[in-house]
Amino acid sequence: MTTPLHLWRNARLVTLDGPRGWGLVEGGALLVGGDRLHWVGPMAELNRSGSAGPDIVAEHDLGGALVTPGLVDCHTHLVYGGQRAQEFEARLNGASYEDIAKAGGGIRSTMAATRAASGDELFASAAQRARGFMAEGVTTMEIKSGYGLNEADEARCLTVARRLGRELSLGVRTTSLGAHALPPEFEGRPDDYIAAVCRWLPAQQAAGLVDAVDAFCDRIGFTPAQTRRVFEAAQALGLPVKLHAEQLSDQQGAVLAAEFKALSCDHLEHLSPAGVQAMAAAGTVAVLLPGACYFLRDTTLPPVQALRDAGVPMAVASDHNPGSCPTGSLRLMLNMACTLFRLTPEEALRGATTVGALALGLHDRGVLRAGLRADFAVWDLSHPSELAYGFGGNPCRRVVAGGVER
Ligand code: NIG
Ligand code: FE
């Protein structure tokens, strides 16, 4: 028995297939069977190859529109209660992000609002945010915990993230970030809290709630020694690790993460040359988060040229969270990655597709190629560089996720 195929024709395909270049295919077509791309290439070749035929059950004319792989947002904190606009005001009145955190605000204030919210409330607010990203072409999102900060509430947030993946037309990867901040009940006892975080992991894994483990290694987060303990616990369970590394200061977190063959190190404004080399050797992806850098008005930028020279793959993600990056747009992050960090538009788009997928350990998406997932976005644009060039407005016209149009 053959799979019924859908033909999407008359497109300008941005396949991103191959190590560099846009992989442009004019007059392109996609054959979709189930949730997979069955065939990708120029329409004329399809007619010659005989891949088209009686198995095609439906045809969709894209009218010459630009088609890219579905966008992958590989770093978000999407599930939480409340908002932090008052902290934004406080920062404009002179307080720093670190001052606010040390005074019990910041992540702890979101923790309180998250614990107070019901599961349905957390789901509803996160779903609304997710739909905004999805309308701009996002087909895969990573979602971290990290605002529950106790066993039950961390599990609850991860459960909400899994439910988003089941109920929305969105691929969701979950990351356990218990080591995000010290909850008040462990004040003065960070090592005890880390021991608790490590104890929760097996149950989270057994419940199918976790794809990776993350930590916040910084002055207002946890020390490298504490981070190491979390990584050891993850490693013992066979779970891959990621790290919020070198965001506010250089803790040599990237060197530590590389030792554990981390999938990614994220933020990296204060990354050292040793960190760059360690990431290159370990094959760790650098996840750049220009929205957080912008919103916190950080004047230190990640060492993009050094990462490029060392061959470290660079992803671009939203870091959506209520404190350091309350954005609703991954496309805006592509623009900021270029204007603030000097990525090229091609690097930015690869960062939010091919490389974003790598940062999640996914090899089945992020490129338009036969055999991979049929995740793609249709844009009212004529050239792919326009994706990073414009900011504001939404040129995304149609989205197909797992072979199905949303
Ligand atoms: O990725 N740096 C740590 N975590 C988040 C911010 C969390 C918050 O302020 O609520 C980040 O920037
Ligand atoms: Fe983050």
Side-chain angles (χ1 to χ4, degrees), residues 73-88 90-91 95-115 125-126 129 141-149 153-154 157 161 173-183 212-223 226-227 230 241-251 253-254 257 262-271 285-298 300 302 315-327 330 333 336 356 359-360:
D73 192 347
C74 70
H75 181 140
T76 86
H77 308 248
L78 205 70
V79 176
Y80 57 86
Q83 50 80 25
R84 307 231 295 273
Q86 292 81 351
E87 286 182 10
F88 178 51
R91 285 199 287 116
S96 76
Y97 182 73
E98 287 192 65
D99 293 340
I100 292 167
K102 284 183 193 138
I107 295 171
R108 275 190 184 184
S109 97
T110 299
M111 176 209 75
T114 303
R115 288 182 181 178
S125 61
R129 295 189 272 268
M141 275 186 126
E142 183 252 21
I143 301 178
K144 301 177 194 294
S145 66
Y147 291 117
L149 307 184
D153 289 298
E154 283 291 297
C157 292
R173 301 294 284 180
T174 57
T175 299
S176 180
L177 177 57
H180 195 197
L182 189 66
V213 175
D214 193 352
F216 181 27
C217 182
D218 220 310
R219 290 189 295 246
I220 56 168
F222 295 93
T223 64
Q226 290 158 349
T227 303
V230 175
V241 301
K242 306 169 80 69
L243 188 65
H244 280 70
E246 285 50 289
Q247 179 186 14
L248 307 170
S249 60
D250 179 17
Q251 304 281 329
L263 285 175
S264 71
C265 289
D266 306 39
H267 288 286
L268 303 173
E269 279 77 355
H270 297 263
L271 181 64
V285 172
V287 178
L288 305 178
L289 305 168
C293 190
Y294 157 80
F295 195 64
L296 297 182
R297 302 185 73 239
D298 202 331
T300 308
V316 175
S318 72
D319 195 21
H320 175 92
N321 74 77
S324 71
C325 198
T327 182
L330 181 57
M333 300 304 117
M336 286 186 177
L360 299 175

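For the numbers below, each heavy atom of this structure counts, side chains included, while hydrogens, waters and symmetry mates do not. Note that ligands are numbered from 1 as they come in the structure, with each ligand's atoms numbered from 1 the same way.
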**OP:** Enumerate the atoms of ligand 1 whose separation from the nearest heavy atom of His267 is less than 4.0 angstrom.
**Re:** 1 (O), 11 (C), 12 (O)
**OP:** Please report the C-alpha distance between Arg84 and Ser109 in whole Å, then the side-chain angles of each, then the deciding distance to 0.1 Å, and finally whether the side chain to side chain contact (heavy atoms under 4.5 Å, CB included) criterion is met.
**Re:** CA-CA 8 Å; Arg84 307 231 295 273; Ser109 97; 3.2 Å; yes
Original post:
At what distance is the nearest protein heavy atom to atom 4 (N) of ligand 1, and which residue and atom is it?
Top reply: His180 NE2, 2.8 Å
Original post:
the Fe ion (ligand 2): which protein N, O or S atoms are under 2.8 Å away?
Top reply: His75 NE2, His77 NE2, His244 NE2, Asp319 OD1
Original post:
What distance do Ser318 atom OG and Leu289 atom CG have between them, rounded to the nearest 0.5 Å?
Top reply: 8.0 Å
**OP:** State if Tyr97 counts as touching ligand 1 under the rule of any non-hydrogen atom under 4.0 Å.
**Re:** yes
**OP:** Identify, for atom 2 (N) of ligand 1, the protein heavy atom at the shortest distance, and state residue, atom and that distance.
**Re:** Gln247 OE1, 2.6 Å
Subject >> Enumerated ligand 1 atoms positioned under 4.0 Å from heavy atoms of Tyr147 >> reply: 7 (C), 8 (C), 10 (O)
Subject >> Ile107 to ligand 1, any heavy atom closer than 4.0 Å >> reply: yes
Subject >> Pair Gln247-Leu296, side chain to side chain contact (heavy atoms under 4.5 Å, CB included): steps then yes or no >> reply: CA-CA 11 Å; Gln247 179 186 14; Leu296 297 182; 3.8 Å; yes
**OP:** Assess the pair Phe222 and His244: is the distance between their ring centroids shorter than 6.0 Å?
**Re:** no
Original post:
Do Ser249 and Glu98 come within less than 4.5 Å of each other through their side chains, counting heavy atoms only?
Top reply: no
Original post:
Taking it one step at a time, do Asp298 and Tyr97 satisfy side chain to side chain contact (heavy atoms under 4.5 Å, CB included)?
Top reply: CA-CA 11 Å; Asp298 202 331; Tyr97 182 73; over 6 Å; no
Subject >> Derivation of the side chain to side chain contact (heavy atoms under 4.5 Å, CB included) call for Thr114 and Asp153 >> reply: CA-CA 8 Å; Thr114 303; Asp153 289 298; 5.8 Å; no
Subject >> Top protein contact for atom 12 (O) of ligand 1, by heavy-atom distance >> reply: Ser324 OG, 2.5 Å
Subject >> Identified side-chain hydrogen bond (donor to acceptor under 3.5 Å, both in side chains) counterpart of Thr175 within the set His77, His75, Glu142, Lys144 >> reply: Glu142
Original post:
Considering all heavy atoms of both residues, which atom of Leu268 and which atom of Val287 are nearest to each other, and what is their separation?
Top reply: CD1-N, 4.3 Å
